[in-house]
Amino acid sequence: MDEPRMIEVEQVDAVEPPARARVTPEFERKRDYLSGFLAEEQPPVELGGAGGSLQEEVIEALKTIYDPEIPVDIYELGLIYDVAASEDGDVVVTMTLTTPNCPVAESMPGEVEMRVLSVPGVRDAEVKLVWEPAWDPSKMSDEARLELGML
């Protein structure tokens, strides 16, 4: 147990690439279960401005992001001040954090942007992080207050 461990390091100049898989005529492709799903015609997404279906879908996506310190999603927590969706599919989310010293101050806006971009019909997303007006518990929804035992 007390024996010192030795780590050996070997320097190499190049590595041979792995052999490529070859598909021969005898190879039979198994049925692709996604082919029917992918070929299915998807209904068009109605974009619309304020109150449009795109804005509603973005809000639903935002409700899947939870604050790591409080077991409530960021929308119900009142961290999302505005969701603006244009006719072209550009979305601007104005949000804040509970405090400027929040541990996720660097990562949360990026996560919000990625989640918004994942919504079908969104062409571009921008997240504006603001500190005015400052967040306070009065911005939480009744659902969030109930979840946290504040009602």
Side-chain angles (χ1 to χ4, degrees), residues 1-2 4-15 17-18 20-21 30-151:
M1 197 80 176
D2 293 332
R5 294 185 183 182
M6 299 296 293
I7 298 175
E8 294 182 24
V9 177
E10 180 183 346
Q11 183 173 350
V12 295
D13 295 326
V15 177
R20 298 195 70 180
K30 297 200 179 342
R31 180 177 173 202
D32 189 352
Y33 291 98
L34 291 176
S35 63
F37 173 75
L38 296 174
E40 184 179 307
E41 185 74 25
Q42 298 295 324
V45 177
E46 292 180 30
L47 299 177
S53 66
L54 182 61
Q55 182 183 28
E56 292 171 9
E57 290 180 34
V58 168
I59 290 171
E60 288 303 313
L62 292 173
K63 288 182 178 183
T64 64
I65 303 172
Y66 285 80
D67 186 287
E69 297 173 323
I70 306 169
V72 177
D73 69 78
I74 62 172
Y75 190 81
E76 298 297 335
L77 199 55
L79 298 179
I80 304 298
Y81 288 165
D82 185 42
V83 176
S86 74
E87 296 289 333
D88 297 330
D90 297 332
V91 177
V92 177
V93 176
T94 305
M95 68 173 291
T96 191
L97 298 172
T98 52
T99 67
N101 299 325
C102 183
V104 293
E106 291 182 20
S107 62
M108 183 68 75
E111 182 179 352
V112 169
E113 182 180 358
M114 287 180 57
R115 196 69 56 98
V116 171
L117 283 170
S118 71
V119 174
V122 172
R123 182 179 72 170
D124 191 26
E126 179 184 355
V127 176
K128 293 183 179 180
L129 189 61
V130 297
W131 302 109
E132 293 294 326
W135 180 86
D136 62 72
S138 69
K139 295 187 179 359
M140 290 191 295
S141 69
D142 289 340
E143 291 84 5
R145 288 190 186 127
L146 182 63
E147 180 73 27
L148 296 173
M150 298 173 73
L151 274 182

Is there side-chain contact between [X] and [Y], with heavy atoms separated by less than 4.5 Å?
X: Met95; Y: Val130; value: no
X: Val116; Y: Leu62; value: yes
X: Val72; Y: Met140; value: no
X: Leu79; Y: Met108; value: no

Looking only at heavy atoms, what is the nearest atom pair of [X] and [Y], with distance?
X: Ala105; Y: Pro100; answer: CB-O, 4.1 Å
X: Pro109; Y: Val127; answer: O-CG2, 3.7 Å
X: Val104; Y: Pro68; answer: CG1-CG, 3.5 Å
X: Pro120; Y: Leu54; answer: O-CD1, 3.7 Å

At what distance, to the nearest 0.5 angstrom, does [atom1] of [X] lie from [atom2] of [Y]?
X: Met150; Y: Asp142; atom1: CE; atom2: CG; answer: 11.0 Å
X: Ile74; Y: Thr96; atom1: CD1; atom2: OG1; answer: 11.0 Å
X: Thr98; Y: Asp67; atom1: OG1; atom2: CG; answer: 5.5 Å
X: Ile65; Y: Asp73; atom1: CD1; atom2: CG; answer: 9.0 Å

Side chains of residues 4-14: which donor-acceptor partners sit under 3.5 Å, not counting sequence neighbours?
none

Discussion item. Can you pull out every side chain to side chain donor-acceptor pair (under 3.5 Å) where at least one residue sits in residues 103-121? Sequence neighbours excluded, please.
Written reply: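 Only Thr64-Arg115, Glu111-Arg115 qualify under side chain to side chain donor-acceptor pair (under 3.5 Å).
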Worksheet item: What pairs meet the side chain to side chain donor-acceptor pair (under 3.5 Å) rule with one or both residues in residues 128-141, with sequence neighbours excluded?
Response: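 Matches after skipping sequence neighbours: Glu76-Ser141, Asp136-Ser138, Ser141-Glu143.
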Fill in: With Pro71 via side-chain contact (heavy atoms from CB on, under 4.5 Å) - residues at least two apart
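If we apply the side-chain contact (heavy atoms from CB on, under 4.5 Å) test to Pro71, skipping adjacent residues, the hits are Leu148.
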Worksheet item: Partners of Asp82 by side chain to side chain donor-acceptor pair (under 3.5 Å), sequence neighbours excluded?
Response: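 Partners of Asp82 under the side chain to side chain donor-acceptor pair (under 3.5 Å) test: none.
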Discussion item. Among residues at least two apart in sequence or on other chains, which ones pass salt bridge (Lys or Arg N to Asp or Glu O under 4.0 Å) with Glu60?
Written reply: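 Applying salt bridge (Lys or Arg N to Asp or Glu O under 4.0 Å) to Glu60 gives Lys63.
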